[in-house]
Amino acid sequence: MSVLDLPRLWRPATHQALFRRILDVAARPGQIADLGDLLDGRPAALAALATFCDNTQTLADLTGTLSATDFAFLDVGKATVDKAGFILSVGTAAPDFTPRLGTLDTPEDGATLVIMVDSLTEGAALTLTGPGINGTATLAPKGLAPDWLTARARWCADFPMGVDLVLADATRLTVIPRTTKIGA
Amino acid sequence: MRPNREDWAAALAAADKGRVAALADRIRDRAQVDLLAPPREGLMLMQLRESVAGAAFHLGEIPMARVHLRLTAPEGVAEGGAALMSDDLALVTRLAILDAALVADLPEAPEIEALLAEGMAARAETQARRALSLDRTKVDFQLLSEEDE
């Protein structure tokens with residue numbers, strides 16, 4: 001019997017639905033998942049973290065927007081940006097750090113960067129190619145400083161090491177794995 | 001007089017469950033309750049220290065439930081929590097609500113204090129009965145050894 005209802009974002013059924021949608025777009029870079037019906041007004045970036053994180057993971061919040069309650073519900077450890085498995089940042093702030101890139105033996109240790117942007121469809125078009133993309137795909141993030149793409153190219157230069165990006169606007173997100181090539 | 005706060009949950013858990021539930025639900029219905037951490041119920045390892053070398057050991061797994069919340073009522077705001085050796089998350093949630101209500105000194109505080117007194121009395125009676133039955137099992141080994149000499 002439940003005396004109090006969990007907020008929608010933290011219910012197991014919501015996490016299952018989020019996981020399915022995020023997995024689908026992670027397998028098809030450039031496609032956008034609309035999470036609006038699952039969020040109850042919370043940002044899509046937080047929904048991504050709620051799906052990815054648990055008490056075995058670490059998170060660096062560079063936005064300062066996550067509350068103590070958010071951290072408690074994420075049940076994730078805090079870490080500095082160079083050691084965190086997950087990093088939450090805003091797209092307008094150019095990166096001035098080097099995230100975890102993994103090693104040749106453990107490329108899965110590369111960080112996942114969740115970057116909050118203004119929109120995924122109203123900016124300058126980027127062309128994506130690589131596994132999971134039939135030919136080319138386009139993505140038009142608005143509010144993503146060009147330095148992110150330069151840094152991402154540097155971080156992912158030594159495949160299989162590198163980072164995976166999740167770009168999220170208010171209600172939607174897309175995933176750019178380290179295997180994806182980004183062109184202007 | 002109120003007992004120490006750390007004893008509130010155990011005392012209320014020993015009080016009449018129906019009245020505890022009714023009072024907590026009445027407070028919940030007229031106030032806003034926000035969870036500050038995910039409510040947890042499950043098994044946790046209980047660690048103890050043995051008394052000879054002081055080494056830590058795991059006695060076994062115990063059921064545990066824990067709730068942390070914020071209660072916002074017109075008369076005040078307070079954080080409340082409860083953790084109990086129990087698998088009854090509904091009960092522990094209600095204890096956390098009563099904990100916050102008592103901290104905020106809501107008008108229901110006298111009713112909560114009455115339940116606390118009832119629970120403390122019930123616990124004292126249980127502990128006295130347990131102490132009595134334990135007392136009967138005590139053996140003075142030193143005395144037996146002295147008789148051998």
Side-chain angles (χ1 to χ4, degrees), chain A residues 1-22 35 38-61 63-79 84-86 88 112 114, chain B residues 9 12-13 17-45 63-73 77-84 86-101 108 112 115:
Chain A
M1 186 196 140
S2 173
V3 178
L4 296 177
D5 287 330
L6 276 172
R8 182 168 192 176
L9 184 58
W10 306 110
R11 293 178 199 160
T14 306
H15 286 184
Q16 288 162 13
L18 285 169
F19 181 81
R20 184 73 251 170
R21 292 187 202 179
I22 295 172
L35 312 177
L38 299 170
L39 299 177
D40 272 356
R42 305 305 309 274
L46 178 61
L49 292 174
T51 309
F52 297 145
C53 293
D54 62 23
N55 60 10
T56 66
Q57 303 298 326
T58 52
L59 169 67
D61 173 21
T63 68
T65 56
L66 295 183
S67 67
T69 302
D70 289 333
F71 266 101
F73 273 88
L74 287 171
D75 198 14
V76 68
K78 290 182 184 176
F86 292 88
L88 178 65
T112 298
V114 180
Chain B
L12 289 169
K17 285 195 169 43
R19 283 165 53 216
V20 165
L23 181 55
D25 290 354
R26 180 148 51 88
I27 294 169
R28 176 201 61 192
D29 291 345
R30 76 172 192 83
Q32 182 187 329
V33 183
D34 299 306
L35 289 163
L36 296 178
R40 298 260 190 235
E41 62 175 319
L43 294 173
M44 68 174 279
L45 270 178
M64 193 82 197
R66 186 190 69 194
V67 174
H68 182 198
L69 49 77
R70 183 191 301 114
L71 186 72
T72 308
V77 181
E79 285 188 21
L84 210 62
S86 165
D87 59 357
D88 188 348
L89 193 59
L91 169 67
V92 177
T93 306
R94 288 177 170 127
L95 298 184
I97 291 172
L98 294 180
D99 179 82
E108 291 87 353
I112 303 171
L115 285 170

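Hydrogens, waters and symmetry mates play no part in the numbers below; they use all other heavy atoms, side chains included. None of these values were measured; they are calculated from a predicted model. So you know, we letter chains A, B, ... as the sequences are listed, proteins then strands, and number each from 1.
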Does the side chain of B:I97 reach to within under 4.5 Å of the side chain of A:V3, using non-hydrogen atoms? yes

Check whether any side-chain heavy atom of B:P39 sits under 4.5 Å from a side-chain heavy atom of A:L6, and report yes or no. yes

Side chain from CB out, backbone as N, CA, C, O: work out which of these in B:L69 comes under 4.5 Å of a heavy atom of chain A, or both, or neither. side chain

Taking all non-hydrogen atoms of both residues, which atom of A:D5 and which atom of B:L35 are closest, and how far apart? O-CD1, 4.2 Å

Write down the atom of B:P38, the atom of A:A72, and the distance for their closest heavy-atom approach. CD-O, 3.3 Å

